[in-house]
Amino acid sequence: MSAFAAACAARFGDRARAEAPLAPFTTLRVGGVAEVLLDAHGEGEVIDALQLAAAHGVAVTLLGGGSNALVSDAGIRGLVLRCRRGAIRAEDDGVRAEAAATINGLVRHCIGHGLAGLEAWAGTPGNVGGGICGNAHFQGRLLSEHVISVRLASRDGACVVEVPTAEMDFGYDRSRVQRSGEVVISALFRVVPGEPEALRETARASLAFRKRTQPLHLPSAGCFFQNPDPARDPLPPGMLASAGALIDRAGMRGARLGGAQVSTVHANFLVNTGGATAADFDRLARSCVERVQELFGVRLREEIARLGPWPQGKP
Ligand SMILES: Cc1cc2nc3c(=O)[nH]c(=O)nc-3n(C[C@H](O)[C@H](O)[C@H](O)COP(=O)(O)OP(=O)(O)OC[C@H]3O[C@@H](n4cnc5c(N)ncnc54)[C@H](O)[C@@H]3O)c2cc1C
């Protein structure tokens, strides 16, 4: 056992595990092991873990719900930090949710307390930390539209700051966290009073939409690619600014490499049909990118986060 793994075990007990498989903690169900996988409860433990890693010169990778992550088959060296047990509470003019809170838990909390704003996000997998990092989106809306401020820790756990939304550099699939490497501790969401039954109705409509349009019966990471931005990537005439439509028109719907397949239900979902490896998803993603580029001159960019080593980089 490494000195770092031993120090983690001494501080966090059996919530720090050495050489722990990561596939069960991702919705794609692929990937190798974490050198040390730690479940941290609350801000204090997250800060302790970051400081411990910094003191040992160990790299830290954050894993939330693992619903937007492709973990390398080679696993992840260093510390894989999972924020767990996210508290949700009323605060000033909003609701504060810790990074570990699930988006669904936050939606349920708000509806149960007659608070409107987030109900349409029902059914979005993952946690608040991951949702803020990638600025989750649904039906043209960004999660950041509901955010007042975000509490961030520096990667070494040395300082914690409350950052107003205006300084978060939020955009489509973008936040400052992706550049700075800061760790999301919690976020304060704007809500207004609402009638629970009406909120529930909106939530049900979102869930029904997902059920109708997404291959929820198979492991996936949601949309694998970002939708193209026509201002940056000119599209062929009549083509929707939709990665799924481009992959579909490129004839890739249903294409399979190993256990990974372009979903037949939604062409921007790459699904695990059983026994897939991360390398299968990598090869399939590359062939989608190449084919779309070749046929339409549009370069697809990945929406998922690749974690662990990827010697060839992104396609
Ligand atoms: C069936 C399905 C449907 C989906 N539908 C949508 C959708 O409608 N809209 C949408 O936007 N996404 C969707 N997704 C993708 C996913 O749900 C979101 O991107 C979600 O916000 C990811 O959160 P997560 O906690 O699972 O993040 P992870 O996958 O665990 O991590 C994603 C990134 O965030 C980083 N991260 C995680 N926690 C922290 C933290 N505390 N601090 C700093 N960085 C952190 C990770 O290092 C990684 O880079 C879908 C996924 C699935 C499987």
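All ligand and atom numbering here is 1-based and tracks the order in the structure.
For atom 4 (C) of ligand 1, the closest non-hydrogen atom of the protein is Pro125 CD, 3.6 Å. Looking only at heavy atoms of the protein, atom 35 (C) of ligand 1 is closest to Cys133 SG, 3.6 Å. Among all protein heavy atoms, the one lying closest to atom 27 (O) of ligand 1 is Gly130 CA, 3.5 Å. The protein heavy-atom contact nearest to atom 42 (N) of ligand 1 is Val184 N, 2.8 Å. Scanning all protein heavy atoms for the shortest distance to atom 30 (O) of ligand 1 gives Gly64 N, 2.6 Å. Protein heavy atom at the shortest distance from atom 21 (O) of ligand 1 is Gly131 CA, 3.1 Å. Among all non-hydrogen protein atoms, the one lying nearest atom 9 (N) of ligand 1 is His137 O, 2.5 Å. Ranking protein heavy atoms by distance to atom 8 (O) of ligand 1, first place goes to Arg210 NH2, 3.0 Å.
Taking a cutoff of 4.0 Å between a charged side-chain nitrogen and a carboxylate oxygen, Arg286 and Glu290 do not qualify as a salt bridge. The pair Arg301-Asp173 fails the salt-bridge criterion, with no side-chain N (NZ, NE, NH1 or NH2) lying under 4.0 Å from an Asp/Glu carboxylate O. The existence of a salt bridge linking Glu197 and Arg204 is confirmed by a sub-4.0 Å separation between a basic side-chain nitrogen and an acidic carboxylate oxygen. Classification of Arg155 and Glu182 as a salt-bridged pair fails, no side-chain N sitting under 4.0 Å from a carboxylate O. We find that Arg190 and Glu145 are not joined by a salt bridge, their nearest charged nitrogen and carboxylate oxygen being 4.0 Å or further apart. Ion pairing of Glu45 with Arg82 is absent here, as no side-chain N (NZ or NE/NH1/NH2) approaches a carboxylate O to less than 4.0 Å.
Heavy atoms of Ala136 found under 4.0 angstrom from ligand 1 belong to the backbone as well as the side chain. If you look at Val177 next to ligand 1, the close heavy atoms, those under 4.0 Å, all belong to the side chain.
Screening residues 252-265 for salt bridge (charged side-chain N to carboxylate O under 4.0 Å, His left out), with sequence neighbours left out, gives Asp248-Arg253. Counting only residues at least two apart or on different chains, the ring pair (Phe, Tyr, Trp, His ring centres under 6.0 Å) pairs with a member in residues 257-315 are His266-Phe269.
Of all atoms in ligand 1, numbered sequentially from 1 with element shown, those under 4.0 Å from a heavy atom of Ala69 are 29 (O). For ligand 1, the atoms lying closer than 4.0 Å to a non-hydrogen atom of Gly126 are 23 (O), 24 (P), 25 (O), 26 (O). Numbered from 1 in the order shown, with element, the atoms of ligand 1 that lie under 4.0 Å from a heavy atom of Ala221 read 15 (C), 51 (C), 52 (C), 53 (C). Against a heavy-atom cut-off of under 4.0 Å, Thr27 is close to the following atoms of ligand 1: 53 (C).
Below 30°, between 30° and 60°, or above 60°: for Trp121 and Phe138 the angle between ring planes is between 30° and 60°, a tilted geometry.
Under the 3.5 Å distance criterion, the side-chain polar atoms of Gln261 are left unmatched by any main-chain donor or acceptor of Thr273. The closest donor-acceptor contact from the side chain of Asn104 to the backbone of Gly123 lies under 3.5 Å.
Protein heavy atoms are absent from the 4.0 Å sphere centred on atom 13 (C) of ligand 1.
Note on ligand 1: Gly134 sits outside its first shell, no heavy atom being nearer than 4.0 Å.
For Gly66, a nitrogen or oxygen atom sits less than 3.5 Å from a nitrogen or oxygen atom of ligand 1, counting backbone and side chain alike. No N or O atom of Leu63 sits closer than 3.5 Å to an N or O atom of ligand 1. Checked by distance only, ligand 1 and Ala99 stay at 3.5 Å or farther apart across all their nitrogen or oxygen atoms. Taking any N or O of Leu62, backbone or side chain, at least one lies under 3.5 Å from an N or O belonging to ligand 1. For Cys83, no nitrogen or oxygen atom sits less than 3.5 Å from a nitrogen or oxygen atom of ligand 1, counting backbone and side chain alike. Residue contacts with ligand 1: Ser67 is placed with a nitrogen or oxygen under 3.5 Å of a nitrogen or oxygen of the ligand (distance criterion only). Of the polar atoms of Asn135, none of the N or O atoms is found under 3.5 Å from an N or O of ligand 1, judged by distance alone. Backbone and side-chain nitrogen or oxygen atoms of Cys223 are examined, and none is located within less than 3.5 angstrom of a nitrogen or oxygen of ligand 1.
Within the 4.5 Å cutoff, the side chain of Tyr172 has no heavy atoms near those of the Asn135 side chain.
Remark: Gln178 CD to Asp169 CG distance equals 9.0 Å, nearest 0.5 Å.
Taking all atoms of both residues into account, the shortest heavy-atom contact from Asn127 to Cys83 is ND2-O, 4.3 Å.
The residue among Thr213, Leu28, Asn68, Leu307 with a heavy atom at the shortest distance from atom 19 (O) of ligand 1 is Asn68.
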